[in-house]
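Below, chains carry the letters A, B, ... as their sequence lines are ordered, and counting in each starts from 1.
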Amino acid sequence: MSDTKDVILEYVKNEYLEEGDDQEVTYTTPLISGGIVDSFSMVSLKLFLENKYDIKIPDDVATPEAFDSVDNIVEVLKKFNIE
Amino acid sequence: MSFSDSIREIYKKDLENIRRSGIYKDERIICSPQSSEIEVEFPYGSEQKNVINMCANNYLGLSSHPEVIEAARNGLDHRGYGMSSVRFICGTQDIHKQLEDRLTEFLGTEDTILFPSCMDANAGVFEAVLTPEAVMIADRLVHASIVDGMRLCKAQTDNFKHSNMEHLEQKLQFHQKARIRLIITDGAFSMDGDLAKLDKIVELAEKYDAMVFVDESHSSGFIGKTGRGTHEHFGVLGKIDIITTTLGKALGGASGGCVSGRKEIVEMCRQKARPYLFSNTIPPVVVSGANKVLEIISRTTERRDKLEKNTVFWRKGLTEAGFIIKEGETPIVPVMLFNAKLSQDIAAMLYEDGIYAVGFFFPVVPKGQARIRTQLSAAHEMHHLEKALDAFIKAGKKFGILHKTKQEIIDQYGL
């Protein structure tokens, strides 16, 4: 699981932080409610997870709350039997 | 009565939440034509105040231009008030076709289709021209109407960091298997006033076989040597596949918008774009005024050149006074204050001194990036700008923010 967590954390850092951005992002950092990822930018995260794990996440599952931290995302992936 | 007390309570509570989160919008009432100087009632019912307008999209000062007003009046006399029909039944006049042709010529494209607004153009275009096998790759700071349009479209959605060409290239590589790739950006970004790197974007589009979409709402009429837009500025006229723009800003400021670009794209919009098919188009009065606007700006670049001069003066004046502004060359000049309350307090003080400018803060702009967005116009005379600059400097001194770094302002006022 920590592998999955780290893959997602790494993706979030690369995808959403600007170069020179010293903001610390951890497994529990609020991404959407914390203003790091807005609802529009969230689509690329969904796309990444779907491609990486070969799954299709329905829109009613890919909610801002469900994607609000790396820990939350890991919980979403568990529903798809990805540990 | 179906609007019961309990339902009313739900809405009251929701509105209260909007107020509490600081995004409730109060409208100021203008009791004069739109111009560099306007009569404003704020709050509604209070005494009217004459103020210098520093926040209109009236970039070329054509909103109340006598020639435009006369043309609009002629339109009313000769083509009537309304069409009472959508375009494809009996809602197309000769002047609509003239305006579409004039826009095509001005924007340097193959064809143009009018929409009731640019919001409608952006809401309708993607769904009309893209299938689910396509992918839309948008800059993360595109206008809200584009985001809405993308949501209405079944093509795949992705986005790239603002103006980050490496990130865009990664996304283009990632989506090489898609049937169609469409890169989506604003020409000039409305909140920061910066320009999309259209030369680089076109280069990447050619390399990765993608189409390019640009919303030119904050560029048409004044960006580029003859005001044709961001594509003219970057030397890529004729290389943008889809342009949307508005007649509600520089181009007369009334209303209306369009999709302009490859003729097959425009044709597809005429057949399939829902805001076009199911709504009346722009009324004859506005079409006549817009035709005159295009005639004026094709005749001379005088107004565009004056706007450029005003912009240089304003940017230089604010910078030398010690304000932090977002650098750039457009007439959208954000004065950075970082703290939301500070932006509101300074806007209030400016208003007291007869300058009308608005503070923006989260969620309209990212957290910690509160600002007052100023916008220049060719209708501004030097005395307007000098007075506005004096008022800014007075406020800057009072709040002790002149010649301070971003960090010093944040240390003093917080984020």
Side-chain angles (χ1 to χ4, degrees), chain A residues 4 6-26 28-70 73 76-77 80 82, chain B residues 21 23 122 126 132 134-178 181 184-186 191-192 340 361-370 406-407 415:
Chain A
T4 311
D6 289 336
V7 166
I8 299 168
L9 184 62
E10 196 54 31
Y11 176 81
V12 166
K13 285 181 181 171
N14 289 335
E15 182 71 13
Y16 298 109
L17 299 185
E18 295 293 337
E19 222 169 283
D21 200 334
D22 49 10
Q23 193 166 358
E24 199 193 340
V25 180
T26 65
T28 55
T29 305
L31 301 174
I32 292 155
S33 59
I36 296 170
V37 183
D38 62 33
S39 58
F40 180 51
S41 308
M42 204 182 89
V43 292
S44 58
L45 179 55
K46 178 172 177 279
L47 210 58
F48 165 76
L49 297 171
E50 289 181 337
N51 276 283
K52 174 86 186 163
Y53 299 108
D54 198 19
I55 53 174
K56 181 90 193 124
I57 308 173
D59 287 346
D60 60 344
V61 174
T63 60
E65 295 75 30
F67 275 23
D68 204 27
S69 69
V70 172
I73 296 165
V76 171
L77 292 179
F80 295 89
I82 294 157
Chain B
S21 62
I23 53 170
N122 287 338
F126 303 112
V135 63
M136 307 174 280
I137 308 171
D139 186 290
R140 285 198 178 137
L141 290 192
V142 291
H143 190 257
S145 57
I146 294 177
V147 175
D148 286 358
M150 291 171 70
R151 285 185 173 140
L152 290 169
C153 175
K154 292 195 173 63
Q156 211 169 35
T157 298
D158 203 348
N159 44 51
F160 60 96
K161 293 180 195 178
H162 175 54
S163 264
N164 186 323
M165 295 298 105
E166 290 78 35
H167 201 213
L168 170 59
E169 185 161 14
Q170 282 171 28
K171 295 294 173 116
L172 286 165
Q173 286 165 350
F174 182 76
H175 292 290
Q176 269 310 284
K177 283 187 188 147
R181 283 158 291 286
I184 299 170
T185 182
D186 288 1
M191 277 300 149
D192 287 358
F361 48 91
F362 183 80
V364 180
V365 293
K367 266 184 188 155
Q369 289 199 35
K406 175 183 174 181
Q407 197 52 52
L415 273 182

Check every N and O of chain A against chain B and note each donor-acceptor pair under 3.5 Å, with its distance.
unit_1, atom_1, unit_2, atom_2, d
A:Asn14, O, B:Lys161, NZ, 2.6
A:Glu15, O, B:Arg140, NH1, 2.8
A:Glu15, OE1, B:His167, NE2, 2.9
A:Glu15, OE2, B:Arg140, NH2, 2.5
A:Glu15, OE2, B:Lys171, NZ, 2.6
A:Leu17, O, B:Lys161, NZ, 2.9
A:Ser39, OG, B:Arg151, NH2, 3.4
A:Phe40, O, B:Asn159, ND2, 2.9
A:Ser41, OG, B:Arg140, NE, 3.4
A:Ser44, OG, B:Arg140, NH2, 3.3

So, the part of B:Phe160 with a heavy atom under 4.5 Å from chain A: the answer is neither

Applying a strict 4.5 Å limit to non-hydrogen atoms, the region of A:Leu17 in contact with chain B is backbone

